[in-house]
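Report on one structure; see the data block that follows.
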2 protein chains.
Amino acid sequence: MAVTLADVAAHAGVSSATVSRVLSGNYPVAGATRNRVLRAVEELEYVVNGPASALAAASSDLLGILVNDIADPFFGIIASAVQGELEGQGQGEGPVPRKLAVVCNTGGSPERELTYLTLLQRQRAAAIVLTGGAVEDPEHSAALAARLRRLAAGGTRIVLCGRPPLSDGQGGGPVPGALLTVAFDNRGGARALTEHLLALGHRHIGYVAGPAERTTTRHRLEGHSAALEAHESFDPARAERLTVHGGGYHRSAGYEGTRVLLHRAPETTAVLAANDTVALGVCAALREAGLRIPEDVSVAGFDDLPFSADASPTLTTVRLPLQEAGARAGRLALGTQPPPRGGVTTIGHELVVRASTAPPRAGG
Amino acid sequence: MAVTLADVAAHAGVSSATVSRVLSGNYPVAGATRNRVLRAVEELEYVVNGPASALAAASSDLLGILVNDIADPFFGIIASAVQGELEGQGQGEGPVPRKLAVVCNTGGSPERELTYLTLLQRQRAAAIVLTGGAVEDPEHSAALAARLRRLAAGGTRIVLCGRPPLSDGQGGGPVPGALLTVAFDNRGGARALTEHLLALGHRHIGYVAGPAERTTTRHRLEGHSAALEAHESFDPARAERLTVHGGGYHRSAGYEGTRVLLHRAPETTAVLAANDTVALGVCAALREAGLRIPEDVSVAGFDDLPFSADASPTLTTVRLPLQEAGARAGRLALGTQPPPRGGVTTIGHELVVRASTAPPRAGG
DNA sequence: TGAGCGGTAGTAAGCGCTTACTGCGCCGCG
DNA sequence: CGCGGCGCAGTAAGCGCTTACTACCGCTCA
């Protein structure tokens with residue numbers, strides 16, 4: 001039904017091999033012949049059969065991206081940046097991408113992560129970018145690590161973006177050049193935020209954290225704790241009481257978490273949220289409780305998503321260069337940027353102080 | 001290198017045809033044989049070669065989604081909903097997706113839309129969902145329509161989601177059952193919004209519109225105009241003067257547009273934004289000009305993205321059921337929902353009144 | 001008892017492309 | 001004048017899977 005290479009070849013009066021060579025461009029073909037072929041391609045409106053070509057060449061033009069939730073701008077921005085790198089991979093004028101991005105929503109579930117990995121492997125994806133924090137379940141992370149190692153060993157480029165490097169401890173060592181990491185400094189960011197609040201004079205700092213089983217959550221909490229512990233006012237029991245775990249990185253988690261927090265520790269004068277989205281829920285719950293932000297309670301987010309600058313009030317947060325991280329991950333996945341020694345790139349962060357944080361009221 | 005069907009067949013002591021049949025599941029295989037095969041698959045960790053299977057079966061498991069900007073939650077939500085429908089397409093327990101979504105960022109450019117269409121066609125995608133408004137350039141839309149018609153005729157299911165049905169006027173008639181549309185009522189929504197402002201007493205209603213060449217922009221403007229014209233206070237010159245076109249559906253477009261608007265028509269008491277994101281920019285510009293929202297100027301958005309309820313102030317807007325639209329589009333693309341007569345599904349909308357709109361001050 | 005049939009499984013012919021290998025014509029050099 | 005080499009282009013062997021067709025077995029039914 002569809003036009004095939006052979007049709008084009010016949011139309012141009014050459015062999016199908018020649019057509020293939022003209023199209024792939026990695027073999028010398030005389031100018032005249034080349035033009036004849038290209039004209040035939042035009043005239044017949046020939047479109048390569050991707051599967052056939054992938055089968056014969058044993059490689060495909062697909063790049064997989066695993067995200068927790070594509071509706072969340074955090075992942076959207078990263079995915080968009082990764083895709084941006086696929087452009088300019090064209091062969092002709094302008095940014096005509098050659099590779100296609102397959103975006104898979106894992107919903108944060110390790111099982112689905114594994115499932116999608118299989119699906120991508122089935123498609124013989126050239127590279128796979130895994131975004132978002134990992135789940136801490138040792139069984140799953142071992143299974144995942146094993147899978148990734150095997151994929152990497154099989155030639156699939158694997159890039160972990162925004163999650164810590166593989167650390168199952170067991171299994172053959174790292175696969176250099178094929179299993180890369182672009183990590184955020186979640187600890188450092190959270191620490192900076194907590195130090196900011198401490199410097200403002202806050203002593204009762206609540207923390208509405210993300211799901212307990214995620215590495216991201218743990219790292220941010222660790223940074224928070226580190227800042228607390230380094231401060232004269234440190235009280236482990238208080239810190240414990242002021243930390244609540246939410247059900248996810250959603251607005252509702254912030255809302256619910258804050259209600260719990262306010263009930264448990266009404267003396268709270270500042271709340272650190274798992275991320276900006278959660279912070280919105282935190283703000284809503286505080287306002288509902290009749291508390292003003294930042295006069296009565298300060299609030300800080302994490303990530304600095306675009307909406308944070310327009311929230312009410314504008315959100316103090318830690319800016320994570322998602323765009324840059326995604327682009328980096330994309331380049332590593334495509335192999336257009338040499339991997340750093342050790343395979344791990346750590347992306348910086350920046351404290352962004354806006355209107356949602358202020359000194360506590362006198363006596364706070 | 002990789003394990004093949006033949007390997008599995010040998011291991012299980014059957015022919016490769018049998019293995020294929022067990023895995024595809026669309027042919028009877030005796031229980032004992034099936035188990036033997038499945039065990040072999042497990043033991044050898046066999047993963048189907050997607051390209052090979054797509055080549056032989058002349059169809060792939062890929063579903064393409066074209067979006068303007070994956071970092072924009074508007075598209076993220078739709079994409080996420082479409083993907084949601086791919087799950088549950090599994091064969092075993094739980095939602096194990098069979099199909100994979102390929103998300104392509106077109107950046108709103110018609111050329112790239114065409115390019116990605118080619119790429120997806122090359123991959124022999126089973127279906128393609130195009131989201132977001134179309135560009136009004138007659139040349140491009142004719143080219144696009146022709147392409148889509150041809151793809152649809154070739155068996156690729158095409159679903160337009162959030163954009164008007166194809167209307168090039170020329171070219172063979174519609175391809176029933178293969179070229180579907182899920183449209184938003186942009187006119188109706190904008191009309192409702194303007195009526196809301198008129199009812200509040202506003203007479204100087206500015207409109208910071210999206211890019212002039214997009215259908216979405218035109219439709220929303222038309223709804224706005226319709227409401228205006230139906231009102232006793234209608235003044236074409238004023239309406240004209242109060243409408244500014246922005247450079248895109250971004251915050252900065254709202255900011256810039258509002259500055260132009262305030263300069264051109266300082267008497268403005270209400271501003272309608274192209275969408276919620278633009279509305280954020282509008283608010284920023286107004287605030288910068290020393291105007292309070294909604295006391296001095298009312299602002300309304302469009303779409304009701306998640307952040308709108310948390311903006312400062314909370315945004316009056318028109319809720320578009322993106323989730324529902326995406327899910328619908330996904331089902332139509334997969335063929336799991338029968339297409340409506342005529343192929344066009346129109347999704348409703350809902351006026352959401354929040355804190356950013358209020359009556360104008362006396363004399364406004 | 002034998003033809004016929006339903007239920008399984010094997011055989012093998014591609015699907016459309018890539019690429020190693022071969023072939024051919026022409027030039028330069030000995 | 002002959003031969004090696006070079007630059008193109010053709011030949012054909014797969015890549016791993018699906019599936020039409022065929023084969024076989026064991027029953028049922030006349």
Whole angstrom value for the distance that separates [atom2] of [N] from [atom1] of [X]:
| X | N | atom1 | atom2 | answer |
| --- | --- | --- | --- | --- |
| A/L5 | D/dT11 | CG | P | 14 Å |
| A/Y27 | C/dA20 | OH | P | 9 Å |
| B/L55 | C/dA13 | CG | P | 17 Å |
| B/R34 | C/dG7 | CZ | P | 16 Å |
| B/R21 | C/dG7 | CZ | P | 15 Å |
| A/N49 | D/dG16 | CG | C1' | 14 Å |
| A/L23 | C/dT18 | CG | P | 8 Å |
| A/R36 | D/dG10 | CZ | C1' | 13 Å |

- [ ] Remember a base hit wins even if backbone is also touched, and classify B/A30 as base, sugar-phosphate or nothing at under 4.0 Å, heavy atoms.
- [x]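 Counting heavy atoms under 4.0 Å across all strands, the contact made by B/A30 is with sugar-phosphate only.
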Check whether any side-chain nitrogen or oxygen of [X] sits under 4.0 Å from OP1 or OP2 of [N], and answer yes or no.
| X | N | value |
| --- | --- | --- |
| B/T18 | C/dT8 | no |
| B/S20 | D/dT18 | yes |
| B/T4 | D/dG16 | no |

- [ ] For B/A56 and for B/P28, locate the closest nucleotide of DNA chain C by heavy-atom distance; then report the residue assigned to the nucleotide nearer the 5' terminus.
- [x]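 The residue closer to the strand's 5' end, by nearest nucleotide, is B/P28.
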Open item on the list: Quick check: on DNA chain C, is the nucleotide nearest B/T33 upstream (toward 5') of the one nearest B/A57, or the reverse? Name the residue that is more 5'.
Closed with: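 Result: B/T33.
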Open item on the list: Does this structure show an ion pair linking B/R112 with A/E87, if we count only N-O contacts that are shorter than 4.0 Å?
Closed with: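 Looking at A/E87 together with B/R112, the answer is yes, because their closest N to O distance falls below 4.0 Å.
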Open item on the list: Please determine whether a side-chain nitrogen of the Lys or Arg among B/R36 and B/E43 lies less than 4.0 Å from a carboxylate oxygen of the Asp or Glu.
Closed with: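 Answer for the salt bridge query: no.
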Task: Pair B/S15-B/T18, side-chain donor/acceptor within less than 3.5 Å - done: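 The answer is yes; a qualifying pair exists.
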Open item on the list: Under a 3.5 Å cutoff, is there a donor and acceptor pairing between the side chains of A/T118 and A/R147?
Closed with: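 Looking only at side-chain atoms, A/R147 and A/T118 do form a donor-acceptor pair, the distance falling under 3.5 Å.
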- [ ] Output yes when a side-chain donor or acceptor of A/Q83 lies under 3.5 Å from a complementary backbone atom of B/V103, and no otherwise.
- [x]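 Side chain of A/Q83 to backbone of B/V103: a pair is present.
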TODO: Look at the side chain of A/R124 and the base of D/dG16, then say whether one donor and one acceptor between them are separated by less than 3.5 Å.
DONE: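 When only heavy-atom distances are counted, A/R124 does not reach the base of D/dG16 through any donor-acceptor pair under 3.5 Å.
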